[in-house]
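All remarks here apply to the structure that follows.
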Amino acid sequence: MSKKHKILFFTIILIAAVVRLLFLTTYPSSLTQDEIAIGYNAYSILETGRDEWGQLLPLNFKSVGDFKPPVLIYLTVPFIAVFGKTALATRLPVALFSIFTIILFFFFSRKHIFSSKHPSLPYLATTLLALSPWHIFFSRSGFEAILGVFLSLACVYLLLDFFIDQNFKNLTKCLLVGFIAIISYHSVKVFLPILCLLLLIFQFKKIKKFLLHQWQQNKRELFLFLIFAFLLIFIFSKNYIFGDGSARAKMTFLSVDFDYQRLLLPQIIYDNFSHLKGQILLVLFWLKRYLEYFLPNFYLYSGLGLVSSGQPGQGVIYSIELIFLSLGFLFLLSEARSPKYLKNKFSFTIIILWLLIGFLPASLANNSQHALRSLNAIPAIYSLIALGLYSFYLFLSKKFLKLKYLLPLIFTMILLVDISKFIDFYSTHYPYQLSEYRQYGWKEVAIFAEEIAPKYNQVIIDPRFGTLGQDIVGVPYLYFLFYSNHNPAQYNSDPRRLIGNSNFSNFKFESINWFGIDHAEKNLYVGSPWSFPGDQITPEQILYQVYYPNGKLALMVIEDKQ
Amino acid sequence: MIFKFIFQALLIVSFAYIIYRKEKTNFFSVIYLSIIPILSFFQGNLFILFWGLLSGYGLFICLRRPSLKKMFLFTLLLLVIFILYTPEIGISKIIEESIHIINQQRGEHLNPLLNLIPRFFHNKLQLVYFILQKAQSHFSVNSLFIQGEYAIFSSLYFLGHLFPWDLIILCYLFSKNSNQKKFKSLNLYWLIVPVIYCLLGLISNSSELTNILVMSLVYWLAIYASFIFNFVKIKTKIFIISLNLIFLLFHLFLSSPFIQVL
């Protein structure tokens, strides 16, 4: 790398770091229930070596209704140790890994994707990824998917290295990193094994030759590797395929999707073949969901979901990039036979497979066009955008010399407008419209209630909330634990916890049945406005109120009449 | 009802036969073009069917070996259809539907009246998104191959205007035969035609016109797809036609709305 290139590279990393770390604790506004669960479990592991349910160093973290992948929680432990129970400690690991992803993506695309005759391409692709709204949005919250992308990229990088140098060390490293990757995020469990398997099939001749060579020359190392591989596969299958880790897959598989269960299956005529009909319908349903990831709305205006549905918002890429994504795909097809911009024909295979398999896990789960679950596809998407942009630029600048400087200028200006629009949606409309889905307000009431709780017999907290009605059920107990000084050892060994209860100290988490409670006991209540009968509450009883950024009343803290 | 059904079938088969004779397709193409889902489950009036098939075939002729004369004739045909089925221009309806969303997003800023940002980001340019949304619902890959719009089904039902595997057949023909004269035009017009159709359909408020344009696009693609029978062996031809028939029968015996109609 020349000095000029080094400066360029560090500038890109600096930009990536700034957009991911600046105001990290302020935007987005509050910790989601997943972030708080990760933060509290990391704290519990740090203090006691056990999770919130009292399990010693678990391989799966039991959560509400499912099991969380362990990697991010363990990675958060040192950050909690340094920064304490704060939003910064919870979000920083993901933000840092997102920056590492940018660095790794640069080396990956330079070494294995783009031709060395076009050295600008990896820089362009990395810059675009560094500024990607898709990547930035999930990097700034504690989403495991970011970790999944980083580890998947590392695993494939090592696998491709192995194809080149046929070195056992790279294969072993690849296996180990791959194992950590598939236990880091649910959708990687589907994505990475299929991708690696297909890449191995495409390099079958090399693999066969390598295995024969090892069999003749180095049997001992081959056996050790196979035992190691078998061990990892066994641990993975036992814990994450057939064990607790499969709970999430059962909960979110396509067959439990609302549209399929409630709207499509009832259309079937029930007879002896109903089950078969349902299965065929499920395949068509999957195909529809899969193809939805290639629709323009996902990329242009609704992919990230920063506004309520039905409104134009932010797509997963910038609108100007969609043109180059389409062009990139066309240029990629022309690269299949005689690679000009790509390293070799196999690079074409890598991008195509990455693109097609990247959306597979998300399409197999419920909810259509899920930006988080389809994050695996991001390296392929940005490779294509860079390819489209670069080849289009070369094509035009050859034909029209005057456009050589004008084109980058026009592109940069449009991109800046797109970036400003993303900032507008992210900083203004997202908190305004969707704060309640980020559990806004629970932190504030938890801190307030924690201070005055000793004065009351019981603190009863209604876990249901939402401005439109009782439509969201959260995990407020985690917010109360995270923002209090309650000892985790005491909590996870509490007899109430052992029977699955979340209550601790004098905090009780249940629906508030106002008329069924003895109000002579002097209790404190935390709930939504509709948790309380308005005509029974006097203004003196209201101790604290939290409002959403859109001005709607979120949560109230109320005490019994004195 | 029965006469309408007979006329409908005659019209569909006649078009398929004309294409077979004129374009030198295979006999299996006649069967294929007569049973594509959009035609098999068509429930609208015969005129819409006629204009749809005519404009679809017209589009095929026009784009196969483009010439000014063909372009002119096809534009004339579209103009006639447009005059017949578009009593009013529908862009105002889209503005009406979307203006409150633009206002809402402006209002979410701290000082929407003084601040330039809300005006810059939330204005009538956002109409593009609403138009795209509408276009996507009629002309996307999904609606063409997986989920069409049929009056007798729920909007979520899976029956495209073409068979799902037609997507693979078209991609195959596109990649394999893109250098042949017959398919040369497909390279260029693959993306342009749907866009033009979207714009034509969307500035109108008429669902009949939209139906004609959708049928036209689908029939154009179906004619291209029917050329697969010129390239494959007899066993494969029988397999494709059987698969298509089984798919139609599957839907016929799958869904209760069909029983109600029958």
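Here is the naming used below: chain letters follow the sequence lines, and residue numbers restart at 1 for every chain. In this text, all values refer to a predicted model and were calculated from it rather than measured experimentally.
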**Report entry** Heavy-atom side-chain proximity of A:Leu304 to A:Pro133 below 4.5 angstrom
**Finding:** yes
Query raised in the report: When only pairs under 4.5 Å are counted, which of A:Leu333, A:Asn297, A:Asn550 shares the most heavy-atom pairs with chain B?
Result: A:Asn297
Query raised in the report: Between A:Glu292 and chain B, which part of the residue has a heavy atom less than 4.5 Å away: side chain, backbone, both or neither?
Result: both
Query raised in the report: Between the main-chain N or O of A:Leu22 and the side-chain N or O of A:Arg140, is there a donor-acceptor pair closer than 3.5 Å?
Result: yes
Report task. Using atom types as modelled and distance alone, determine if a side-chain donor or acceptor of A:Ser30 lies under 3.5 Å from a backbone N or O of A:Arg438. Result -> yes
Query raised in the report: By a 4.5 Å heavy-atom criterion (distance strictly below it), what part of A:Ser420 contacts chain B: side chain, backbone, both, or neither?
Result: both
Query raised in the report: Are any side-chain N or O atoms of A:Asp418 and backbone N or O atoms of A:Ser319, one a donor and one an acceptor, separated by less than 3.5 Å?
Result: yes
**Report entry** Pairs of heavy atoms under 4.5 Å with chain B: top-ranked of A:Tyr290, A:Tyr301, A:Phe294
**Finding:** A:Tyr301
Report task. Heavy atoms only, distances under 4.5 angstrom: which of A:Val417, A:Ile280, A:Leu300 has the most pairs with chain B? Name it, please. Result -> A:Ile280
Requested in this report: Please check if the side chain of A:Glu335 supplies one atom and the backbone of A:Tyr341 the other of a donor-acceptor pair under 3.5 Å.
Outcome: yes
Query raised in the report: Using non-hydrogen atoms only, which part of A:Tyr260 is less than 4.5 Å away from chain B: side chain, backbone, both, or neither?
Result: neither
